[in-house]
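Below: one structure, written as structure tokens.
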Amino acid sequence: MKRFLTSLLEAALRRAVQKGRLPEVELPQVVLDYPPEGRFGDYATNLAMVLAPRCGMSPREVASRVLEELEGSEVLSRVEVAGPGFINLFLKDEVWFEALRTACLQGEGYGRVDVGRGQRVLVEFVSANPTGPLHIGHGRIAALGDTLARLLERAGYRVEREYYINDVGTQMELLGRSVYARYCELSGLRVPFPEEGYRGDYIREIAEGILKEEGRRYLEVPEEEAVRRLAERAKEVILGWIRDDLERFRVSFDRWSSERSLYEAGEVQEVLEELRTKGLLYEREGALWFKSTLFGDEKDRVVVRASGATTYFASDIAYHRRKLQRGYDILIDLWGADHHGYVKRVEAAVEALGYGKERLKVILVQLVNLLRGGERVSMSTRAGEFATLKEVMDEVGVDACRYFFLLRRAESPLDFDLELAKRQGEENPVYYVQYVHARIASILRKAAERGVGVPPPEEVDLSPLELPEEREIAKQVGLFPEVVEGMALSLEPHHLPPYLHRLAGTFHSYYNKHRVLSEDRALTAARLLLVQGVKQVVRNALELLGTTAPEEM
RNA sequence: GCGCCCAUAGCUCAGUCCGGAUAGAGCGACGGACUACGAAUCCGUAGGUCAGAGGUUCGAAUCCUCUUGGGCGCGCCA
């Protein structure tokens, strides 16, 4: 609707200029806003105020000349000039009421838009090191990334989800050493625990498991080999946990991409060669540097250390090249916000490889402060006291958990207090929304019990709907597609909960005042279509959030 | 020291990209509503120098500058 009105206004502007009602000036981008109150209409634009100085006319004068060109529109019931020069647009009631019919007819497909036009997008997220279970911060990124992916799918993009596994280097070695140490301990040998090792109990669990299954064979091979093989075993175990947790969290990936495979396929060497050929590498103090400053980074970055070992950055360049070569139009990376210093160098790498910087969009997600009764819970994996995603799912449930994570925009830190989440229990916003769905399901059950048939949507006469609340509800339903579009374009899924909450609030209020099922058959039929439309939108929106829409609660 | 992000109601946050009308929610607080399709709901009340100062503008929470306070980054770590 917004899109339609925008083009309507653009056309009106052009006509006004053609007819000489407005001087030939550069026309501004038409931006439609949602005015703060109903009395200012369904949509409003300030374009007359933007245009006025260029035309040498007063804003109100410009506005009224544009309005002349809008007369007789099929969808508008009224247009007005208001305040300092706003143009307020009032839609005909039928336009919104018809959205209810559309929602019912399109069902699950309602809210599908096509801003993506089939572009291919890769969303890479979570990508936690396989050195320990997922914690709550990963959960936030998982919820955000998955909802973003669902959103983009609904907005007409071809989306794939990918998890990048950092399975080489220091972390892996440390993992192997930690498991080895516990393994030795369990076999009755005293060995020093590695300085920076992973101290969580899960390491002992893994060591126990291996001991049980394979006995003491790792004591009979050289330590270095044992460490290497134990790291590999531990990685598999931990990745299994990660997969399980994510599956339960309703997040699934199309591809798990391993860092090591980049080395094995020679892609790291290849990309270094490519950069060398382009003259973007140089040697200094024994190390090999990438000239990232040429592309806006603050300083050049090392890709091969003096020791001959490549850096994490080097494989990350190779990884991004691999992704780009697979032909995606857009790459989206979700990272923890502590990596923000890393953004510029990866953007630089993408550019250096000959791809536009706009192909890569990095979304930084602030970490979660986990609180328990107001007290901060430490989340260091090394120290071994972390709040795992699993624990949180057990405690507050997947629905509430996912909804909660989507409540704030990615860049703001999130305080997650478990005690609070439990205490809020029934007043949790997710239940408020789910309750709408359950309530409507209940009404429909009741209608069936009473033998009140629900006619096919295309046959229902909507004219009995005339209450302002009904118009408002229908409008909220009608806005869903453009809400989806807006979130997909801005990559900001956090607007969904407020939208849902508003729809739910409007509905609950209406429900308490008016009855759906009554003696008046025509009115009942119309209202049944109304609630079905609401139910469908709630369901579709909850689906985007990865939250269930229960028939009863 | 340099760079990035942030500061809006008692608390947690939208709104900032693209300046516009009386700055919005939730939670918490207080007072009401179930013999009605589900009270996990509803109705009402209270609550604001948009951190501070200056600037641009017809108009600033929004743009610019400075100050204060907080977070993060600045490795041949990942």
Side-chain angles (χ1 to χ4, degrees), chain A residues 28-29 31 33 35-37 39-40 44-46 49-50 52-53 58-59 82-86 88 127 129 131 166 168-172 174 196 259 284-289 298-299 301-316 336-344 364 366-367 369 407-409 411-417 420 423-436 438-447 449-450 452 490 492 494-495 497-498 501-502 504-505 507-518 524 527-528 531 550 552-553:
Chain A
Q29 175 103 31
V31 178
D33 284 319
E37 285 172 54
R39 67 187 170 96
F40 293 133
T45 178
N46 66 349
M49 290 183 278
V50 176
S58 78
F86 289 101
N88 294 337
S127 299
N129 292 340
T131 52
N166 299 124
V168 288
T170 328
Q171 311 262 9
M172 276 292 109
L174 220 45
E196 296 281 299
E259 181 180 5
R284 194 175 77 202
E285 293 160 18
L288 198 59
W289 298 68
E298 292 146 26
K299 50 179 287 195
R301 308 291 175 176
V302 171
V303 286
V304 181
R305 288 175 272 202
S307 68
T310 49
T311 59
Y312 174 80
F313 180 44
S315 47
D316 223 18
D338 51 338
H339 288 63
H340 76 75
Y342 202 76
V343 176
K344 273 196 179 146
L364 297 173
Q366 286 286 345
L367 299 182
N369 295 316
L407 238 29
R408 308 222 181 310
R409 55 194 235 273
E411 316 83 80
S412 49
L414 174 67
D415 285 336
F416 197 119
D417 191 315
L420 204 67
R423 190 159 60 77
Q424 280 179 345
E426 303 183 342
E427 281 144 36
N428 196 304
V430 66
Y431 300 126
Y432 185 78
V433 173
Q434 288 179 321
Y435 191 43
V436 171
R439 251 184 168 171
I440 292 173
S442 172
I443 294 172
L444 297 175
R445 281 194 298 271
K446 189 70 72 177
E449 272 171 35
R450 294 185 189 175
V452 181
S490 63
E492 288 179 340
H494 72 276
H495 296 298
H501 201 272
R502 180 165 178 188
F507 174 79
H508 281 313
S509 174
Y510 171 74
Y511 177 89
N512 273 276
K513 261 170 86 180
H514 307 284
R515 295 184 56 81
V516 173
L517 305 176
S518 67
T524 299
R527 287 186 172 170
L528 279 171
V531 299
E552 44 189 270
M553 302 173 61

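Worth knowing before you read on, the calculation uses all heavy atoms, side chains too, and leaves out hydrogens, waters and symmetry mates. In what follows, every chain begins at residue 1, and chains take the letters A, B, ... in the order their sequences are listed.
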Item to check | Nearest listed nucleotide, side chain of P36(A), among A78(B), U41(B), A21(B) | outcome: A21(B)

Checklist outcome for this item: Out of U22(B), C37(B), G38(B), minimum distance to the side chain of R515(A) belongs to C37(B)

Checklist outcome for this item: Closest non-hydrogen atoms of G85(A) and P59(A), given as atom of the first, atom of the second and distance, are CA-CB, 4.2 Å

Next on the checklist: Work out how far the C1' atom of C6(B) is from that of A51(B), and round it to whole angstrom.
Outcome noted: 11 Å

Item to check | Separation between the P atoms of C43(B) and C34(B), rounded to whole Å | outcome: 15 Å

Next on the checklist: Strictly distance-based, threshold 3.5 Å: is any side-chain N or O of W289(A) a donor or acceptor partner for the main-chain N or O of V303(A)?
Outcome noted: no

Between side-chain atoms of residues 439-446 of chain A and protein atoms elsewhere (two or more places apart, or another chain), which donor-acceptor pairs fall under 3.5 Å?
{"residue": "R439(A)", "atom": "NH1", "partner": "H508(A)", "partner atom": "ND1", "Å": "3.0"}
{"residue": "R445(A)", "atom": "NH1", "partner": "E551(A)", "partner atom": "O", "Å": "3.2"}

Next on the checklist: I'd like to know if the side chain of N428(A) reaches the main chain of V430(A), judged simply by a donor and an acceptor atom lying under 3.5 Å from each other, with no hydrogens or angles considered.
Outcome noted: yes

Checklist entry - Which one, C72(B), C37(B), C43(B), comes nearest to the side chain of S509(A)? => result C43(B)

Item to check | Nearest-nucleotide comparison on RNA chain B, the residue closer to the 5′ end among E411(A) and R301(A) | outcome: E411(A)

Item to check | Rounded interatomic separation in angstrom, taking CG from L364(A) and P from C72(B) | outcome: 15 Å

Checklist entry - How would you label the contact of S490(A) with the nucleic acid (heavy atoms, under 4.0 Å): base, sugar-phosphate, or nothing? => result nothing

Checklist outcome for this item: In terms of heavy-atom contacts, D316(A) and Y342(A) come closest through OD2-CE2, 3.3 Å

Next on the checklist: Closer than 3.5 angstrom, by distance alone: can the side chain of S315(A) be matched with the main-chain N or O of E259(A) as a donor-acceptor pair?
Outcome noted: no

Item to check | Closest to side chain of R439(A), choosing from U41(B), C6(B), G73(B) | outcome: U41(B)

Checklist entry - Looking for any heavy atom pair under 4.0 Å, which part of the strands does A309(A) touch: base, sugar-phosphate only, or nothing? => result nothing

Item to check | Spacing between F507(A) atom CZ and G38(B) atom C1', to the nearest angstrom | outcome: 11 Å

Checklist outcome for this item: Whole-Å distance, H501(A) NE2 to C42(B) P, equals 8 Å

Checklist entry - Which part of the nucleic acid, if any, lies within contact of A447(A), taking any heavy atom under 4.0 Å across all strands shown: a base, the sugar-phosphate backbone alone, or nothing? => result nothing

Checklist entry - Is the ring of Y511(A) stacked on the base of C37(B), with centres less than 5.5 Å apart and planes under 30° off? => result yes

Next on the checklist: Counting only side-chain heavy atoms from C-beta out, which of A78(B), C13(B), C37(B) sits nearest to R408(A)?
Outcome noted: C13(B)

Next on the checklist: What is the separation between atom CG on N512(A) and atom P on G44(B), rounded to the nearest whole Å?
Outcome noted: 12 Å

Checklist entry - With under 30° as parallel and over 60° as perpendicular, where do the rings of Y432(A) and H501(A) fit, or are they tilted in between? => result parallel

Checklist outcome for this item: Winner on side-chain proximity to N166(A), out of A40(B), A78(B), G38(B), is A78(B)

Checklist entry - Do the side-chain N and O atoms of R527(A) and Y510(A) include a donor-acceptor pair separated by under 3.5 angstrom? => result yes

Checklist entry - Nearest to the side chain of E285(A), which nucleotide is it out of U22(B), A21(B), C76(B)? => result C76(B)

Item to check | Paired stretches of RNA chain B - 3 or more consecutive Watson-Crick or G-U pairs, each distance under 3.5 Å | outcome: B:1-7 with B:68-74, B:10-13 with B:24-27, B:29-33 with B:41-45, B:51-55 with B:63-67

Checklist outcome for this item: Rounded to whole Å, the NE2-C1' distance (H339(A) to C5(B)) equals 17 Å

Next on the checklist: Students often get this wrong, so: under 4.0 angstrom with heavy atoms, is P59(A) touching a base, only sugar-phosphate, or nothing?
Outcome noted: nothing

Next on the checklist: Using whole Å, what does the distance between atom C1' of nucleotide U16(B) and atom CZ of R409(A) come to?
Outcome noted: 9 Å

Item to check | Spacing of F416(A) atom CZ relative to C11(B) atom C1', expressed in whole Å | outcome: 17 Å

Checklist entry - What's the CG-P distance between D338(A) and G75(B), to the nearest Å? => result 15 Å

Checklist entry - Mind checking the C1' distance from G32(B) to C50(B)? Whole angstroms is fine. => result 33 Å

Checklist entry - If you check every side-chain atom of I443(A), which of C37(B), A21(B), A78(B) has the closest atom? => result C37(B)

Next on the checklist: Regarding Q434(A), tell me which of base, sugar-phosphate or nothing describes its non-hydrogen contacts under 4.0 Å with the strands shown.
Outcome noted: nothing

Checklist entry - OP1, OP2 of A25(B) versus side-chain N and O of Y432(A): anything below 4.0 Å? => result no

Next on the checklist: When you compare the side chains of Q366(A) and S412(A), does any donor N or O come within less than 3.5 Å of an acceptor on the partner?
Outcome noted: no

Checklist entry - Does T310(A) put a side-chain nitrogen or oxygen below 4.0 Å from OP1 or OP2 of C76(B)? => result no

Checklist entry - Can you check whether Y312(A) has a side-chain N or O nearer than 4.0 Å to OP1 or OP2 of A78(B)? => result no

Checklist entry - Contact class for H340(A) vs. all strands (heavy atom < 4.0 Å): base, sugar-phosphate, or nothing? => result base

Item to check | C1' spacing across the pair A53(B) / A25(B), given as an integer number of angstrom | outcome: 30 Å

Checklist entry - Does T524(A) offer a backbone N or O that forms a donor-acceptor pair with the side chain of S518(A) under 3.5 Å? => result no

Checklist entry - Using atom C1' of each nucleotide, how far apart are C42(B) and U49(B) to the nearest Å? => result 35 Å

Item to check | Selected nucleotide, minimal atom distance to A287(A) side chain, candidates C76(B), G38(B), G15(B) | outcome: C76(B)

Next on the checklist: Categorize R450(A) for me: base, sugar-phosphate, or nothing, with a 4.0 angstrom heavy-atom threshold over every strand shown.
Outcome noted: sugar-phosphate

Checklist entry - Under 4.0 Å: is that the gap between some side-chain N or O of K299(A) and OP1 or OP2 of G75(B)? => result yes

Checklist entry - Of the nucleotides C37(B), G3(B), A78(B), which has the atom closest to the Y342(A) side chain? => result A78(B)

Next on the checklist: Can you tell me whether the base of C34(B) sits syn or anti, using the 90° cut around 0 to define syn?
Outcome noted: syn

Checklist entry - With H339(A), which residues qualify under ring-ring contact (aromatic ring centres under 6.0 Å, His included), at least two apart? => result none

Next on the checklist: Taking only the C1' atom of each, what is the distance from C5(B) to A9(B) in whole angstrom?
Outcome noted: 24 Å

Checklist entry - With no angle test and no hydrogens, is the base of A21(B) tied to the side chain of N46(A) by a donor-acceptor pair under 3.5 Å? => result no

Next on the checklist: Does D316(A) reach a base, just sugar-phosphate, or nothing at all? Heavy atoms under 4.0 Å.
Outcome noted: nothing

Next on the checklist: Work out how far the C1' atom of G73(B) is from that of A23(B), and round it to whole angstrom.
Outcome noted: 33 Å

Checklist outcome for this item: Note: for V302(A) and G341(A) on RNA chain B, the residue whose nearest nucleotide lies more 5' is G341(A)

